[in-house]
Amino acid sequence: MRIAVIGSTGQLGTDLVDQLTRSGDHQLLLLPHERLDVTQRDQVHAAVAGMDVVINCAAFVRVDDCEEHPALAVAVNTLGALHVAQACAAHGALCTYISTDYVFRGDKGTPYTEDDQPTPVNVYGATKASGELMVQQAAPKWLILRIASVFGAAGARGKGGNFVEAILQQAKSGRPIRVVADQWMSPTYTRDVASSMETLLRNGATGLFHAANTGRCSWYAFATTALQMVGLAVAVEPISAADLIRPAKRPQDASLACERLAKITGPIPPWEDALHRYLVEKGHRSA
Ligand SMILES: NC(=O)c1ccc[n+]([C@@H]2O[C@H](COP(=O)([O-])OP(=O)(O)OC[C@H]3O[C@@H](n4cnc5c(N)ncnc54)[C@H](OP(=O)(O)O)[C@@H]3O)[C@@H](O)[C@H]2O)c1
């Protein structure tokens, strides 16, 4: 397949490119931000000509900054998605959009399935939910993967790293660590998303899929598990989300049910297993 990866040097883009390169079966077109700005409609149309598949990993991901800069969030996450979808329609390519658990309010009480309606609580989630709609109405062939709380070796460019690295750095620096214990999510390892994505493409899958690791945890449990796995015995203070003053609201529990994906890919590794492999990959612990 001829596959274009937009946002190819991002946290997920990096592992997608690695996965698709290692399989050896695809012709890849790498489109980092320097080469393609998704807010520029004509640039996008020209860039993806001749592709069978376009994977759009580009996003404005800083959730709090999206509240302060809603026009930029809409431009990248919503209009950018539309430009890519329209270009895919024009060139007959499958349009693949990466979305987020933050499309959900987080008050359901059980993990969200693909049949639940988006009910975002912040600008970032609203722009991503709108991006999904743009893809669905403009692209005849589309595949949307909702992922969550992402960790990958490259670290989120937009966030300057990821949660796991931030916790390990804080622990090593001796600074006190306080982590929210009353918000839950489904951690997502980029290597597992990349592998799932390739399986979906090979199977010709289209439609909406949740693609996190199996299970759910609080941010506190995620942090303490990571510290235990690397043998750092430091205290972590559990706090409430209400103790933090942040511009954007967060969903209380937007964890994702991924059974639809598992029917195609087979069992998705639990988040603890994924975290272990990530820590080995980064050299934080031995296998
Ligand atoms: N990180 C998370 O926890 C999380 C959770 C759920 C869903 N997601 C979704 O997962 C996807 C990948 O996120 P990530 O974690 O890999 O974040 P990331 O590392 O920040 O990747 C985003 C990429 O988009 C690029 N980009 C930003 N604005 C652009 C523009 N106008 N045109 C083209 N490229 C642009 C960035 O390039 P520059 O850095 O060079 O600007 C970066 O390479 C996104 O769709 C995000 O919404 C992420």
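Numbering of ligands and ligand atoms starts at 1, following listing order.
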Student: Does Ile147 reach ligand 1 with a nitrogen or oxygen that is under 3.5 Å from one of the ligand's nitrogen or oxygen atoms?
Tutor: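 Checking ligand 1 against Ile147, no N or O pair falls under 3.5 Å apart.
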Student: Among the heavy atoms of Phe163, does any lie under 4.0 Å from an atom of ligand 1?
Tutor: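 For ligand 1, residue contact (heavy atoms, under 4.0 Å) with Phe163 is absent.
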Student: Test your reading of the structure: does Tyr124 have an N or O sitting under 3.5 Å from an N or O of ligand 1?
Tutor: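 N/O-N/O distance below 3.5 Å exists for this pair.
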Student: Checking side-chain contact (heavy atoms from CB on, under 4.5 Å) between Met1 and each of Leu20, Leu28, Val53, which is the one that passes?
Tutor: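 Filter result, single survivor: Val53.
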Student: Do Val164 and Tyr278 have side chains that approach each other closer than 4.5 Å (heavy atoms only, starting at C-beta)?
Tutor: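 Result yes, sub-4.5 Å side-chain heavy-atom pair found.
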Student: As an exercise, identify every atom of ligand 1 less than 4.0 angstrom from a heavy atom of Lys159.
Tutor: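 Listed by number with element, the hits are 1 (N), 2 (C), 3 (O).
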Student: Identify, for atom 18 (P) of ligand 1, the protein heavy atom at the shortest distance, and state residue, atom and that distance.
Tutor: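 Answer for atom 18 (P) of ligand 1: Arg157 N, 3.6 Å.
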Student: Ring centroid separation for Phe163 and Trp219, is it under 6.0 angstrom?
Tutor: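 Yes, close enough.
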Student: Could you say whether the N/O atoms of Lys128 and ligand 1 ever approach to under 3.5 Å?
Tutor: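 Such a contact does occur with ligand 1.
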Student: May I ask you to decide whether Glu132 forms a salt bridge with Arg146, counting only side-chain N to carboxylate O separations under 4.0 Å?
Tutor: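 Yes, this pair counts.
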Student: What I want to check is whether the side chains of Asn213 and Thr188 have a donor and an acceptor closer together than 3.5 Å.
Tutor: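 Note: Asn213 and Thr188 side chains miss the donor-acceptor criterion.
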Student: Report yes if Leu12 has an N/O atom closer than 3.5 Å to an N/O atom of ligand 1; otherwise report no.
Tutor: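 Such a contact does occur with ligand 1.
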Student: Flag Ile98 as yes when one of its N or O atoms lies below 3.5 Å from any N or O atom of ligand 1, and as no otherwise.
Tutor: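 Between Ile98 and ligand 1, an N or O pair is found under 3.5 Å apart.
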Student: What protein heavy atom is closest to atom 14 (P) of ligand 1, reported as residue, atom name and distance in Å?
Tutor: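 Here the nearest protein heavy atom works out to Gln11 CB, 3.9 Å.
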